[in-house]
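Notes for the one structure printed next.
Because only heavy atoms are used, hydrogens play no part in the values below, and waters and symmetry mates are left out as well, while side chains stay in. Letters go in sequence order (proteins before strands), and every chain restarts at 1.
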2 protein chains.
Amino acid sequence: MRGTLRAWRSRWERSRHRERSGTDRFGPPRQHAWQRPAQLVVAAFALVIVIGTGLLMLPAASTGPGETTLVQALFTAVSAVCVAGLAVVDVGRHWSMFGELVVLALIKSGGVGIMTLASLLGMVVIRRFGLRMQLSAQAETRSLNLGDVRSLVARIFIISTTCEVVVSLVLALRLVTHYGEPPLRALYHGVFHGVAAFNNAGLALYADSLTRFAADPFILLPIAAAIVLGSLGFPVLLELRRHFRQPRRWSLHTKLTVTASAFLFGAGILAITLLEWNNPATLGPMGWPQKLLVGVFHGVMPRSGGFNVVDVGQMDDSTLFVTIMLMFVGGGSAGTAGGIKATTFAVILVVVWAEIRGHPDVHVFGRRLSGSAIRQALSLTFLSMTVVAGATVYLLITTPFHLEEILFEVVSAFGVVGLSTGITPDLPTQAQVLLVLLMFAGRIGPITFASALALRERTRRYDLPEARPIIG
Amino acid sequence: MRGTLRAWRSRWERSRHRERSGTDRFGPPRQHAWQRPAQLVVAAFALVIVIGTGLLMLPAASTGPGETTLVQALFTAVSAVCVAGLAVVDVGRHWSMFGELVVLALIKSGGVGIMTLASLLGMVVIRRFGLRMQLSAQAETRSLNLGDVRSLVARIFIISTTCEVVVSLVLALRLVTHYGEPPLRALYHGVFHGVAAFNNAGLALYADSLTRFAADPFILLPIAAAIVLGSLGFPVLLELRRHFRQPRRWSLHTKLTVTASAFLFGAGILAITLLEWNNPATLGPMGWPQKLLVGVFHGVMPRSGGFNVVDVGQMDDSTLFVTIMLMFVGGGSAGTAGGIKATTFAVILVVVWAEIRGHPDVHVFGRRLSGSAIRQALSLTFLSMTVVAGATVYLLITTPFHLEEILFEVVSAFGVVGLSTGITPDLPTQAQVLLVLLMFAGRIGPITFASALALRERTRRYDLPEARPIIG
Ligand SMILES: [K+]
Ligand SMILES: [K+]
């Protein structure tokens, strides 16, 4: 396993090398099974969701007999597998221990699953774009084989579990020493929330999410740290682990993700701390150290942690609006975060900046962004906006809630964030089903769409004359 | 004058010819005065606004003595010059006949001004992009001279005045025959609303905008037609006038504008008619012919007519949300409409469609879109969204209104539309000043920004290796 892992690593390295001197266009793709990414990912997630829904429908899964509806089970399973975190029923109160363990297993498998699939697809894309270079250099070409995939899954499982174990133990220790919980119960709660945190699942066992810990940095900061790590994405984690102190060796992807994430976390923390500073229903009554603590915690959440320690529904409309924008962008690629992803956002920013400076080429970190990457970022963003706008219009028509609540809920679902102004359980059934679809689409849509685009790209170049309309 | 006009026309034609076989990149621009478009446009508009504000501050301009504040005068002048249409005071009640004539003159000069400046800038851009072709073909190169500009202004004045006169007479006739107004008064009202309609100004002399005519197709349809014509933009009007029945001879710009406009008008009419069909405060009580009439009228308004015949504040949140999106896109380039413009929206749609189909080049109507046009459309859209988002956050913080009202007001101001849920007069002064800035930025920002981008573009091509991050 370590052998294939090393091979994969060296392939990752080589693809980064190719990236440096790479090219952008290719002939028709060969069709391997794992090169039909959309179908594969959809099928895998759908299967796990069906199993999860079935298990949650069992009488043993809930505390009261026969009270779980299909939509409740489906919603919970999708929310867990997609590590979204919205909830129509209170996780700690509605589900039995068995139900909670099902939810935990769904979170874990959803997290590992999405990291694996997205990493695989990312590798496939990078391989496609490195292939010509490789051929022209007469280098050995190898397909990804089952061993590679197994090794990738194993590595992801190990890295994520390591993070989860560390956070879980820290949480459990704190629950024992400071809250007097019995060790086993503390361990269970620690594990559940540690796993939920690293996987950015946003589901808590407490009815009020983590509000009871609103003043405890030893609970909030480990959880926030796990969320940040999980949201960066596996490729970035892998590179950071190897070259943490050598940013110059990072790939363009890691540089963009880390820079954009730092900017977005900073913006989130700043916005929430300042906008809520005097809100009597949120940060207002707290002392300034706690304001800062909660500001940092809630500044991290929109990028798709999803826990809360103050009532999101009581936040100022301005905070909700900023949060909506942050949730839409989301976290890093091939991680447990959702949204259009940090790199997509970074690409748009870089393009705009290059245009403002009048540069015909888009340069960033010593690389030139390919036109196809720009068009894909634009397409992904536009289509995501279209999905969000369509769902928003539908919910505005069919529910009595206001734009800020609806838009917040829709973007939270599509960005698999899990924050809510509190309207989720009150939505009519067909609106909850729409949220299920949004979570599913938001989880696998951007990944499969972007890689499908990248893989389908052809060399076709008609010789049509170039033209421009008047812009603006 | 006809000579220089013919020269300009033939230059327009030639630029379209070049467009067919054109190229995209150029050396550093020569610096003529009219090639510093941003400064020129800003200065011209600022000057007219200062004069207009001064005139409106005169005691003779208002009905009561000494009751006009600086912000009221400034807001009205900016709203008129930018043909925006938002109002903090009731035009018909607050202003005297003299004040109304000032407003009318501001609307007319603002409309002609923006069409002239935008057409000039469009020509400059197209010339820049045709220049190399011209040189390589050893063709005569001539700069735009003062005669060209004069002839352009004259032609714009003639075309717009012709449209306005026709609509004004139709309206006046109807006001005399059907509403029993005395002929002079009917003519005055006809002219005011005809000019306001063609220039998409959205300011009416009646306190309730055009609500009193909500059942009268002989008033609403001519106004809607004038608004549609004005919103297409001068270059499109000129081409339509010459080749109305030969769409194959239209330039790419005209094809994109007409197609996108048809789509957006259709979407607006459909959305408003269906979403408001049963709303008891808007279309609900009407018979279905009037529902359709008002649906058509209000479907046209968001693209940036700005009149209303039903209370916009009473519309369903879903209608407001759709209207916000339509207002953001706006109308055609180099016309009196605002927004990011139909071509910008069309370019984005075309890019997304090409990506979905896996085409490496973006083809539309037998032309290949240049990468720079794509990047400019993306930049303009992103920066416009940033302006809208920033202003929205500011107003959410400083006013008690909800997201749908604020976002509607901000996009209406930035898109120089003039529709409002009714909060404009109730906003605090500094919020009204922000709206003034938004109208000003929305009027001249996209035009000057996009042409500045196009003109600044350089041939610089570093030889950096291409790279791509993971998108999505
Ligand atoms: K989440
Ligand atoms: K207007």
Checking heavy atoms, do the side chain of B:Leu349, its backbone, both or neither come under 4.5 Å from chain A? side chain
Option that, when pairs with chain B are counted at under 4.5 Å, heavy atom only, ranks first among A:Asp316, A:Val393, A:Ile406, A:Leu275: A:Val393
Heavy-atom proximity to chain A below 4.5 Å, by part of B:Ala389: both
Run the side-chain hydrogen bond (donor to acceptor under 3.5 Å, both in side chains) test against B:Thr319 and tell me which residues pass, sequence neighbours left out. B:Glu276
Applying side-chain contact (heavy atoms from CB on, under 4.5 Å) to B:Phe401 and B:Glu409, what does each step give before you reach the verdict? CA-CA 10 Å; B:Phe401 300 106; B:Glu409 195 79 9; over 6 Å; no
State the CG-NZ distance between B:Leu256 and B:Lys341, to the nearest 0.5 angstrom. 15.0 Å
Under 4.5 Å from any heavy atom of chain B - which part of A:Ala346: neither
Whatever's closer than 4.5 Å to a heavy atom in chain B on A:Leu383 counts as side chain
Just give me the residue among B:Thr392, B:Leu407, B:Val322 that pairs up with chain A most often, heavy atom to heavy atom, under 4.5 Å. B:Thr392
Side chain, backbone, both or neither: which part of A:Leu320 has a non-hydrogen atom closer than 4.5 Å to chain B? neither
For B:Ser251 and B:Glu239, test the side chains for any donor-to-acceptor distance below 3.5 angstrom and give the result as yes or no. yes
Less than 4.5 Å to any heavy atom of chain B: does that hold for the side chain of A:Phe345, its backbone, both, or neither? side chain
For A:Gly339 against A:Pro446, the heavy-atom pair lying closest together: O-CG, 3.8 Å
What distance separates B:Ile114 CD1 from B:Phe234 CZ, expressed to the nearest 0.5 Å? 14.0 Å
